[in-house]
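Just so it is clear, the model here is predicted, and its values are computed rather than measured. Index from 1, following the sequence.
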Amino acid sequence: MPRSPTPDLAFFLAADTHDALCAWLLELQDSRRASAHTVAAYGSDARACLAFLAGHLGAPPNLADLAATSLADWRSYLAHATTGGLGAASRARALAALRSFARWLERERGLALPALALLRPPRVSRPLPRPLSESDALALPDMAMDEAQGAPWQGARDAALLILLYGAGLRLGEALALNRGDWRDQETLRIHGKGNKTRMAPVLPAVREALSRWIKVAPPAGSEAPLFPGIRGKRLNPAVAQRQMRRLRVAMGLSENATPHALRHSFATHLLTHGADLRAVQDLLGHASLSTTQRYTAIEDARLMQSFQKAHPRAQARATLAKTEAP
C-alpha cells in the first residue's frame, strides 16, 4: 500500500478508493512536483467530497461506485458545499481537484467518471488587482527607513525588501526564501516560485543599490543564512513584513489594499502602462497562463475608460444633463 499523505481518508473510503487517492496525491507531490499547499488543498477537497458521497450513497464509495455516479450526485455535492458556506472560488478549486483525480483514474486505472466531466464549474468573478500608484510605490522604501522600529539595520532591510518586491515583481514568500548567498551584486536573481518552478528575475540598478546598501549594514551571516532575517537572525516571518506594511500605509494614508503583494501588482501594471510586452511580463511574474497576466491589462482599460468619461465632451454633457434631471 502506498504511503498516505492523508491517512484519515481511510475512515470513509473503500480500500481501493483510498489507495487510488493516496497514489494520486503522491504523484502530485513527487512526480508533478506540486507545492505542499496544492497537495494539502486537493487532499482536503477530496476528503470533503468523498465524505459527502459516503453519506449520500449510504456507504463508503469504492471505485466502481465512483464510476457509477450520476450528474445528479455531483450536483448534490456542489449544492451541499454551497449550503455549507463554500464560496464559488473554493467550489471551483474542489471541482478542479476532483477532475484531476478523475483524469488520473482513467490514465492509471482505466476507470472513467463521465458524469463528473459534464458538471459545469461555478462562475468565479475575480476582482482586478489593485496596484499602488507609481509615486506611492516609489515612496514606500524611504518611509520604511523613517518609520523603522527596533534595531538600526531593520529600516535598511525593510527598504531593500520593498524595493525588491516592486522592482522585480516577486511574491513576498519568494523574496523571503532568498538566502544571503543568492545575492552577489549580479544582474539577475534565480527565483523559486510556486509549484517549485524556477525563473530568472532581472535586477534593476536601483534594486541592486538597495540590496548592496542592506548587505553592508546587515548582521554578519553565512551564505546559507536568510537574505532578510528577523531580529533573532532567523528567516523573516511574512506576518512581520505584512505588519510593517500596515504601519507604512497608515503613515502614508494609503488604503487597505496596500499590501506586500500589491507591489507585485504594481510592478506588472506599471510595466504594461509604459508599453512592456504582455508575454515578457508573464515570464517576469512566472505565470503559467497568459490569461492570469492579462488581468493587468484590464486595469489599464478601466483607467482609460475613466479618463474618457471625464474628458470627452459627450460624456461631460450627459453627466450634466443627468444632474439637472435629478429630483
Locate the shortest heavy-atom distance separating Tyr42 from Ser100; write the atom from each residue and the value. CE2-CB, 4.2 Å

Might you point out which heavy atoms bring Ala262 and Arg130 nearest each other, and give the distance in Å? CB-O, 3.9 Å

Going by heavy atoms in the side chains, are Glu108 and Glu27 under 4.5 Å from each other? yes

Hydrophobic cluster identity match, Ile231 and Leu227, side-chain contacts under 4.5 Å: yes

Can you check whether Leu66 reaches Leu53 side chain to side chain, under 4.5 Å on heavy atoms? yes

Hey, are the side chains of Leu176 and Pro238 touching, using non-hydrogen atoms and a 4.5 Å cut-off? yes

Tightest non-hydrogen contact, residues Leu164 and Ala175, listed as CD2-CB, 4.1 Å

Evaluate side chain to side chain contact (heavy atoms under 4.5 Å, CB included) for Asp185 paired with Val203, printing each intermediate quantity in order. CA-CA 9 Å; Asp185 196 23; Val203 182; over 6 Å; no

Hydrogens and angles aside, do Arg91 and Thr82 bring a side-chain donor and acceptor to less than 3.5 Å of each other? yes

Does Glu174 reach the main-chain N or O of Arg171 with its side chain, forming a donor-acceptor pair under 3.5 Å? yes

Asp45 side chain near Arg93 side chain, heavy-atom distance below 4.5 Å: yes

Say whether, by atom type as modelled, one donor and one acceptor occur between the side chain of Asn62 and the main chain of Asp65 under 3.5 angstrom. yes

Minimum heavy-atom separation for Leu78 and Leu119, please, with both atom names. CD1-CD2, 3.6 Å

Could you walk me through whether Arg199 and Asp283 pass side chain to side chain contact (heavy atoms under 4.5 Å, CB included), step by step? CA-CA 8 Å; Arg199 69 183 188 277; Asp283 292 339; over 6 Å; no

Under 3.5 Å side-chain donor-acceptor pair for Ser76 and Asp73: no

What distance separates Arg190 CZ from Leu178 CG, expressed to the nearest 0.5 Å? 12.0 Å

Hydrogens and angles aside, do Asn237 and Arg243 bring a side-chain donor and acceptor to less than 3.5 Å of each other? no

Fit a plane to each ring of Phe228 and Trp214, take the angle between them on a 0 to 90° scale, and name the class: parallel (under 30°), tilted (30 to 60°) or perpendicular (over 60°). parallel

Apply ring-ring contact (aromatic ring centres under 6.0 Å, His included) to His261 and list each qualifying residue two or more places apart in sequence or on a separate chain. His265

To the nearest 0.5 Å, what is the distance between CZ (Arg103) and CG (Leu113)? 12.0 Å

Using the side chain to side chain contact (heavy atoms under 4.5 Å, CB included) rule, take Trp183 and Arg208 through it: C-alpha gap first, then chi angles, then the decisive distance, then the call. CA-CA 9 Å; Trp183 171 247; Arg208 294 176 63 188; 3.6 Å; yes

Looking at CG of Leu116 and OG1 of Thr69, how far apart are the two atoms once the value is rounded to the nearest 0.5 Å? 7.0 Å

Find out if a path of hydrophobic residues (ILVMFWY) with successive side-chain heavy-atom gaps under 4.5 Å connects Leu271 to Leu278. yes

Using the salt bridge (charged side-chain N to carboxylate O under 4.0 Å, His left out) rule, collect all pairs that involve residues 211-231, keeping only residues at least two apart or in two chains. none

Is Met145 linked to Leu236 within one hydrophobic cluster, defined over Ile, Leu, Val, Met, Phe, Trp and Tyr using a side-chain heavy-atom separation of less than 4.5 Å? no

Would you say that Arg99 contacts Pro121 through its side chain, given a criterion of any heavy-atom pair below 4.5 Å between the two side chains? yes

Any donor-acceptor pair under 3.5 Å from Asn179 side chain to Gly181 backbone: no

Shortest non-hydrogen contact from Leu111 to Leu63? CD2-O, 3.4 Å

Donor-acceptor contact below 3.5 Å, side chain Ser266 vs main chain Leu132: yes

Less than 4.5 Å apart, any side-chain heavy atom of Asp158 and any of Met245? no

Candidate pair Leu86 and His80, rule side chain to side chain contact (heavy atoms under 4.5 Å, CB included), full reasoning: CA-CA 9 Å; Leu86 207 62; His80 169 78; over 6 Å; no

Do any N or O atoms from the side chain of Arg249 and from the backbone of Glu256 form a donor-acceptor pair under 3.5 angstrom? yes

Arg264 side chain vs Leu285 backbone, donor-acceptor pair below 3.5 Å: yes

Whether the side chain of Gln282 engages the backbone of His287 through a donor-acceptor N/O pair (distance < 3.5 Å, no angle test) should be reported. yes

What I'd like to find out is whether the side chain of Leu25 reaches to under 4.5 Å of the side chain of Phe101, using heavy atoms alone. no

For the student: nearest non-hydrogen atoms of Thr188 and Gln186, plus distance: O-CG, 2.6 Å

Check the hydrophobic clustering (I, L, V, M, F, W, Y; side-chain heavy atoms under 4.5 Å; chains of links allowed) and say if Leu162 and Val217 are grouped together. yes

Count I, L, V, M, F, W, Y as connected when their side-chain heavy atoms are under 4.5 Å apart, and connections chain through other members. Are Leu204 and Met200 then in the same cluster? no

What orientation do Tyr166 and His270 show, parallel under 30°, tilted 30 to 60°, or perpendicular over 60°? perpendicular

Check: Met252 and Leu140 side chains under 4.5 Å, non-hydrogen atoms: yes

